[in-house]
Amino acid sequence: MVERNAVSDPLWNSEDAPDPIELGPVGWVLVLLRGLPLAVLVFGGLIILVLVRLVERPLCGLHRPVTPFITQFVCRNAFRILGIAFTTSGELMQHCGAVVANHTSWLDIFALNARKRIYFVSKAEVARWPGIGWLARATGTVFIERNPQKAKEQTKIFEDRLKAGHKLLFFPEGTSTDGLRVLPFKTTLFAAFFTDELRDFMYVQPVTAVFHAPDGQPARFYGWWGDMEFGPHLLKTLGARRQGAVELIYHAPAKVSDFENRKALAAHCEEAVRHAHSLARASLSSVTITK
């Protein structure tokens, strides 16, 4: 799912214009060599997922014992096809709950799915988008509306999904950036976790996503923000002669009931993500990247 802005907040924009995309003959060859296998992987995986879900849903309902592994397989191998190194650190949360992360690029979707079987939280409009909406529904995305009249209904959806063992993921920044910063976390979605139905058993795990640009490229090479179009950014990524890496850092889960309110919980998660992001960017030269 290509989801930049899950809750309809204003897009972030850099003061500097995006870097120009220059592929050249070699770049276009790489676009074909990487793009065709990637398309087969993604769309082939989606077809298999939909067919399996036709059997899985009547038998298991909300529970998805098989299909998340298909999504994870696709996302892990997408990085192998692209040639982007993928590293992680920290322990995965075993509790019921949600995952929150900073948002840099559409590549976040692949990275976060590659390490952990999760389900994204997205604005309701995405469900109606041609192609992407269908893909989002097939992979179990939770759609939300900013409508106070539907607050109880949406809380019930969260509760049912969480009790089914689903890990729900959202981007509290509300938009993507150039990857060189972490924006203040918006507290809106954290409020749902403080209802009587969820507060006592909910945990939230912060995750820091750090993108390392290819050698010789600007540090914000993988950033996808503002009004940047998806197609050109995809071509730039496919056609890169050298690739960089994405690093995920999983922090200790926070128990919702340990916090007074949504603002306190959001501030805690933001600090964990921001601190690790700053350290990672300050020590890029000492990070060991393995492909």
Side-chain angles (χ1 to χ4, degrees), residues 3 6 68-69 71-80 82 84-121 140 161-162 165-173 176-177 179-187 189-190 193 201-213 219 222-223 243-259 264-291:
E3 174 53 49
F69 289 94
T71 303
Q72 191 172 38
F73 173 85
V74 169
C75 292
R76 286 180 175 179
N77 284 282
F79 284 113
R80 293 188 174 100
L82 290 169
I84 298 175
F86 177 65
T87 62
T88 69
S89 60
E91 298 295 326
L92 297 181
M93 177 174 66
Q94 301 303 316
H95 309 284
C96 291
V99 177
V100 297
N102 58 304
H103 192 15
T104 298
S105 167
W106 53 272
L107 288 166
D108 292 328
I109 311 300
F110 286 92
L112 291 160
N113 266 310
R115 181 68 179 92
K116 187 180 184 71
R117 293 180 294 280
I118 53 175
Y119 302 89
F120 286 86
V121 177
R161 295 291 293 268
L162 291 165
H166 295 184
K167 302 295 190 295
L168 304 182
L169 184 141
F170 64 96
F171 299 114
E173 293 169 299
S176 57
T177 71
L180 306 183
R181 69 205 73 229
V182 174
L183 300 179
F185 279 14
K186 300 181 185 301
T187 64
L189 288 180
F190 287 92
F193 306 144
F201 74 88
M202 271 283 300
Y203 285 77
V204 178
Q205 182 169 35
V207 179
T208 302
V210 183
F211 282 83
H212 305 269
Y222 291 114
Q243 291 285 16
V246 57
E247 175 187 7
L248 297 183
I249 305 168
Y250 287 82
H251 306 288
K255 188 175 183 180
V256 173
S257 60
D258 288 343
F259 295 85
L265 177 59
H268 169 83
C269 293
E270 179 186 332
E271 173 57 27
V273 171
R274 185 184 302 279
H275 180 67
H277 189 271
S278 298
L279 290 178
R281 296 219 58 85
S283 59
L284 287 179
S285 59
S286 63
V287 174
T288 301
I289 299 173
T290 58
K291 290 191 177 183

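Below, all heavy atoms of this structure are taken into account, side chains as well, without hydrogens, waters or symmetry copies.
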Check whether any side-chain heavy atom of [X] lies under 4.5 Å from a side-chain heavy atom of [Y], and answer yes or no.
X      : Y      : result
Ile249 : Thr88  : no
Leu112 : Leu169 : yes
Arg161 : Tyr119 : yes
Ile118 : Leu168 : no
Cys269 : Phe185 : yes
Tyr250 : Lys116 : yes
Leu189 : Val121 : yes

Could you tell me which non-hydrogen atom of [X] sits nearest to which non-hydrogen atom of [Y], and how far apart they are?
X      : Y      : result
Leu162 : Met202 : CD1-SD, 3.2 Å
Leu183 : Glu173 : N-OE2, 2.7 Å
Arg117 : Pro68  : CD-CB, 3.7 Å
Met93  : Ala98  : CE-O, 3.4 Å
Val273 : Pro206 : CG2-CB, 3.8 Å
Tyr222 : Ser105 : O-CB, 3.1 Å

Would the number of heavy atoms belonging to other residues, nucleotides or ligands and lying under 6.0 Å from CZ of Phe73 be above 12?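 12 or below, so no.
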Please check this pair: side chain of [X] against backbone of [Y], looking for a donor-acceptor N/O pair closer than 3.5 Å.
X      : Y      : answer
Lys186 : Phe171 : no
His277 : Gly179 : yes
Gln205 : Val99  : no
Asn113 : Gln72  : no
Arg281 : Phe211 : yes

When you look at Asn102 and Asp108, which way does the side-chain contact (heavy atoms from CB on, under 4.5 Å) test go after all the steps? CA-CA 9 Å; Asn102 58 304; Asp108 292 328; over 6 Å; no
When you check the side-chain N and O atoms of Thr208 and His251, is any donor under 3.5 Å from an acceptor?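 On atom types as modelled, these side chains qualify, holding a pair under 3.5 Å.
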All side chain to side chain contact (heavy atoms under 4.5 Å, CB included) counterparts of Ala111, not counting sequence neighbours: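 Testing Ala111 for side chain to side chain contact (heavy atoms under 4.5 Å, CB included), a comparison that skips the adjacent residues, returns Phe79, Phe86, Val246, Leu248.
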Distance from Leu265 atom CG to Asp258 atom CG, nearest 0.5 Å?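 So the gap between those two atoms works out to 9.5 Å.
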Can you tell me how far OG of Ser257 sits from OH of Tyr203, rounded to the nearest 0.5 angstrom?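 Those atoms lie 7.0 Å apart.
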Step by step, work out the side-chain contact (heavy atoms from CB on, under 4.5 Å) result for His95 and Phe201. CA-CA 8 Å; His95 309 284; Phe201 74 88; over 6 Å; no
Would you please test Val204 and Val100 for side-chain contact (heavy atoms from CB on, under 4.5 Å) and show each step? CA-CA 7 Å; Val204 178; Val100 297; 4.0 Å; yes
How far apart are the C-alpha atoms of Phe190 and Phe170, what are their side-chain angles, what is the distance that settles it, and do they pass the ring pair (Phe, Tyr, Trp, His ring centres under 6.0 Å) test? CA-CA 10 Å; Phe190 287 92; Phe170 64 96; 5.4 Å; yes
Could you walk me through whether Glu247 and His212 pass the side-chain hydrogen bond (donor to acceptor under 3.5 Å, both in side chains) test, one step at a time? CA-CA 8 Å; Glu247 175 187 7; His212 305 269; 3.0 Å; yes
